[in-house]
J.: 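Encoded as structure tokens, here's the structure I'll be asking about.
In listed order, ligands and their atoms are each counted from 1.
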Amino acid sequence: MTEELSALYVVPTPLGNLADLTRRAEEVLRSVKWIAAEDTRHSGPLLKQLGSQARTLPAHQHNEHEAAARIIEKLQSGESVALISDAGTPGISDPGARVVAAVRAAGGRVVPLPGPCAATTALSASGLLDEHFLFYGFLPSKGGQRRQALTDLLDYPCALVFYEAPHRVLETVADMATVFGERTLVIARELTKLFETVHSCPLSVGLEWLKADPNRQRGEFVLLLSGAPKDADDGEGERVLKLLLDDGLPVKQAARLASTITGVAKNALYERALALRQ
Ligand code: SAM
């Protein structure tokens, strides 16, 4: 690149609530000469509201190579470009990754801005206690492939985060229940919008909950599942169990609390507690 200061700024935009645009994002969208947008018509009102004078160029799923070439040209002539998608963070189940890869490969500067992302927003309110999470994004749309993809995730000991479209949410939750049996399901819907809902329930009753009210099947969804239960013998369950028993808690209560704290299956801890008490 000829101009050191030119950069591709990766700019997250609100999921629904315009107040979630960060000040830095606002500054960048106002100051750059070019904005590469997933859908220039969709982003028009936001850019107009900001008073951005930038010119737009399309950077969507079907033209990423061509868009990348145009963006590299702009950067080489010393102009900065902001990359945005319709909502949330570009490159996260959205176009943008190829553009970023091409700019980096050409030696360009890529500056990421932190900001809205449906996955992390949902996770933060999920109440899931897993130490790790896996972001999966969209599952395959065909039933057989979807069930296979879910089966491949069966043993992952971390929270699983999926994006899903409203017309597939029922079948996806049904498949999750078939494949995973019992887990905690969190349905995060319409985040940051008027009908925002974050509902947590056992996976086995998730479908019933969705079907109970057609409104619960509308809008945009993040589905989260708790991770595979840890083995009872990984040490942590037993360590916490012993502490609680030593503190004088009854066997049943100690097993229940140790299970809640560590994620180890309650029955296994109950058996272990009985043995320890003897
Ligand atoms: N890049 C975006 C991000 O950072 O979250 C994701 C874009 S992806 C094409 C769109 C999907 O994100 C939707 O189908 C839905 O699963 C999820 N999503 C986007 N906005 C949402 C919202 N307000 N509430 C719940 N999920 C949302």
J.: Side chains of Ile35 and Val11, heavy atoms from C-beta outward: is any pair under 4.5 Å?
T.: no
J.: Hey, can you tell me if Phe162 and Tyr136 have their rings parallel, tilted or perpendicular (30° and 60° cut-offs)?
T.: tilted
J.: Give the residue and atom name of whichever protein heavy atom lies nearest to atom 18 (N) of ligand 1, and the separation in Å to one decimal.
T.: Ala118 CB, 3.5 Å
J.: So which bit of Phe138 gets within less than 4.0 Å of ligand 1, heavy atoms only: side chain, backbone, both or neither?
T.: side chain
J.: Among all protein non-hydrogen atoms, which one is nearest to atom 16 (O) of ligand 1, and what is the separation to 0.1 Å?
T.: Phe221 O, 2.6 Å
J.: Please tell me whether Ser204 and Glu182 have a donor and an acceptor in their side chains that are separated by less than 3.5 angstrom.
T.: yes
J.: Please state whether Ser93 comes within less than 4.0 angstrom of ligand 1, counting heavy atoms only.
T.: yes
J.: Before you tell me yes or no, could you show the steps for Glu26 and Arg23 under salt bridge (Lys or Arg N to Asp or Glu O under 4.0 Å), namely the whole-Å CA-CA distance, both residues' side-chain angles and the distance that decides it to 0.1 Å?
T.: CA-CA 5 Å; Glu26 224 175 296; Arg23 267 173 44 202; over 6 Å; no
J.: Of all the non-hydrogen atoms in the protein, which one sits nearest to atom 26 (N) of ligand 1, and at what distance?
T.: Val222 CG2, 3.5 Å
J.: Just checking, any donor-acceptor pair under 3.5 angstrom between side chains of Arg189 and Thr197?
T.: yes
J.: Among all protein heavy atoms, pick the one closest to atom 25 (C) of ligand 1 and tell me residue, atom and distance.
T.: Glu220 O, 3.2 Å
J.: In terms of atom number and element, which parts of ligand 1 are under 4.0 angstrom from non-hydrogen atoms of Lys193?
T.: 23 (N)
J.: Classify the contact between Glu164 and ligand 1 as side chain, backbone, both or neither, using a heavy-atom distance cut-off of under 4.0 Å.
T.: backbone
J.: Who's the nearest protein heavy-atom neighbour of atom 23 (N) of ligand 1, and how far?
T.: Leu191 O, 2.9 Å
J.: Give the contacting part of Thr89 toward ligand 1: side chain, backbone, both or neither, where contact means a heavy-atom distance below 4.0 Å.
T.: both
J.: Heavy-atom pairs closer than 4.0 Å: do any link ligand 1 to the side chain of Ala87, the backbone, both, or neither?
T.: backbone
J.: Is there a nitrogen or oxygen of Asp94 sitting under 3.5 Å from a nitrogen or oxygen of ligand 1?
T.: yes
J.: Please report whether ligand 1 has a polar contact with Arg189, defined as an N or O pair separated by less than 3.5 Å (distance criterion only).
T.: no
J.: Do any N/O atoms on Ile92 end up under 3.5 angstrom from N/O atoms on ligand 1?
T.: yes
J.: Do the side-chain N and O atoms of Ser85 and Asp94 include a donor-acceptor pair separated by under 3.5 angstrom?
T.: yes
J.: Checking a contact table here: which protein heavy atom is nearest atom 3 (C) of ligand 1, and how many Å away?
T.: Tyr163 OH, 3.5 Å
J.: So do the side chains of Tyr270 and Val251 get within less than 4.5 Å of each other, counting heavy atoms only?
T.: yes
